[in-house]
Number of protein chains: 2
Amino acid sequence: MGKEPEDTIASRISRELADRIVRGELAPGARLRQDHIAEEFQTSHVPVREAFRRLEAQGLAISEPRRGVRVASFDLAEVREVAEMRAALEVLALRHAARHLTPAILDAAEEATREGDAAADVRAWEEANRRFHRLILTPCGMSRLLASIDDLHAASARFLFSAWQSGWEKRTDHDHRAILLALRQGRTEEACGILEKHVQWIGRAPQGVKSGAPREAFAIVG
Amino acid sequence: MGKEPEDTIASRISRELADRIVRGELAPGARLRQDHIAEEFQTSHVPVREAFRRLEAQGLAISEPRRGVRVASFDLAEVREVAEMRAALEVLALRHAARHLTPAILDAAEEATREGDAAADVRAWEEANRRFHRLILTPCGMSRLLASIDDLHAASARFLFSAWQSGWEKRTDHDHRAILLALRQGRTEEACGILEKHVQWIGRAPQGVKSGAPREAFAIVG
DNA sequence: GGAATCAAAATTATCTATAATTTGAAAAGG
DNA sequence: CCTTTTCAAATTATAGATAATTTTGATTCC
């Protein structure tokens with residue numbers, strides 16, 4: 001204990017910046033200035049530039065050749081795009097994971113659902129939701145597929161936070177329970193069907209907050 | 001004319017290395033040494049490291065924290081994984097692209113198919129095949145989805161080249177023609193169904209070449 | 001003869017410095 | 001008063017240099 005080895009500085013910066021972008025601390029369009037970030041992380045800008053390439057590949061940042069890097073912006077069309085990609089890929093993953101799902105895994109997923117229902121804020125709900133999806137999909141054992149899904153989850157979470165950053169209402173996740181029930185009874189295709197619709201359910205934010213521009217306020221909720 | 005602006009050195013290096021990996025010039029597991037590559041491209045190693053991050057995100061290279069970067073290796077399981085991901089995502093793209101397909105686009109796609117049938121070697125065939133898929137999918141207008149599909153195509157091409165690097169037999173692509181026919185008649189779902197199976201068709205390489213290890217020799221052919 | 005050890009060489013990861021480009025604002029001109 | 005031009009400050013992109021880690025290869029020991 002004491003000091004975490006933290007494999008490489010670039011990866012640490014990339015993770016931290018990704019978190020900030022997803023949480024909305026860094027607004028869409030905001031410039032990411034390498035020298036400032038380098039100073040904050042007590043490094044030079046070389047690792048920072050490497051982190052930028054990672055964020056670019058994740059779709060969280062956009063780099064214009066000699067003009068710097070900005071936080072990627074998004075619109076309703078992209079929210080839908082991400083939702084549909086998730087639907088397609090998560091269904092694929094679940095189809096392969098189904099045969100490897102154990103009662104223990106399904107119990108853990110049920111527990112994650114309970115935690116989501118009891119979540120006090122968006123942040124906690126998102127964490128529980130992501131854990132649910134990870135739990136039932138990871139057993140597919142397809143690393144490339146899982147990595148893609150993770151990136152899409154990050155994008156989803158970004159949209160989610162941007163819509164619900166102020167208000168948040170508790171609710172019970174019936175879809176998750178229906179999916180688990182179907183999986184427990186070995187009805188894989190039915191579970192896939194529910195998952196496919198569940199991920200594409202797009203919610204409308206309660207109301208436009210006092211943020212000046214009446215930005216589109218939609219978000220994936222699955 | 002004269003000198004290409006070539007946006008950034010890092011992107012040029014990344015493209016060139018990706019090409020070499022896909023073509024099989026750089027074997028799986030081969031080490032990518034930043035100083036050597038920097039010297040070859042007449043630059044320092046900073047842009048080289050940025051290019052590495054890009055290749056890593058594409059799944060073409062693997063970086064181990066203080067041990068350098070290697071060309072990613074792959075096995076039959078990953079070939080299948082990539083094929084299934086392509087099937088899922090290309091079908092999604094085609095579903096959205098269908099309404100925007102014009103006769104002109106379909107004619108161009110038919111021309112690409114003809115060129116593929118007439119191709120003298122794997123390389124030419126792969127180029128024509130990729131053009132076909134791009135032509136009918138691009139009109140979906142979903143940039144994130146198209147970028148993912150492009151990366152998967154690169155992986156597919158890598159497997160393809162690795163299997164057919166020596167022998168290559170001409171053949172007629174009936175699937176492409178059936179897809180175009182269905183699209184021309186407005187039967188989108190049927191076109192999607194054919195595309196889904198087409199992309200997942202996995203061929204067996206003619207014979208293991210004299211390459212020492214009897215590596216698995218399979219490849220996607222679609 | 002083969003495994004373990006240790007030092008030299010190669011290589012990675014990072015930092016500091018330099019060149020080139022862009023941005024933004026002030027000044028000049030219509 | 002608005003547009004265009006000019007110039008300085010800020011920022012990006014790359015180069016060169018340094019520290020630290022891993023490989024490699026020869027040598028010794030069993």
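Just so it is clear, the model here is predicted, and its values are computed rather than measured. Below, chain A is the first sequence line, B the second, and so on; all start at residue 1.
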Length of the CD-C1' vector between B:Gln34 and D:dT21, whole Å: 13 Å

Distance, rounded to the nearest Å, where B:Phe41 contributes CZ and D:dA15 contributes C1': 17 Å

Whole angstrom value for the distance that separates C1' of D:dT12 from CD1 of A:Ile37: 13 Å

Distance, rounded to the nearest Å, where B:Arg70 contributes CZ and D:dT22 contributes P: 14 Å

Nearest-nucleotide comparison on DNA chain D, the residue closer to the 5′ end among A:Arg67 and A:Val46: A:Arg67

Length of the line joining A:Asp35:CG and C:dT16:P, which is rounded to integer Å: 12 Å

Given C:dT16, C:dT14, C:dT11, the nucleotide with the shortest approach to the side chain of A:His45: C:dT16

B:His45 ring center near B:His36 ring center (under 6.0 Å): no

Rounded distance [0.5 Å steps], CD in B:Glu40 versus CD in B:Glu16: 7.0 Å

Shortest side-chain distance from B:Arg66, nucleotide among D:dA15, C:dT12, D:dT12: C:dT12

N/O donor-acceptor pair under 3.5 Å between B:Arg86 side chain and B:Gly222 backbone: yes

Distance, rounded to the nearest Å, where B:Arg31 contributes CZ and D:dT23 contributes P: 7 Å

Sugar-phosphate only, base, or nothing, as touched by B:Gln42 at under 4.0 Å among non-hydrogen atoms: sugar-phosphate

Between D:dT14 (P) and A:Glu50 (CD): distance, integer Å: 13 Å

Under-4.0 Å salt bridge between B:Glu126 and B:Arg123: no

Nucleotide C:dA10, atom C1' - distance to CD of B:Glu39 in whole Å: 14 Å

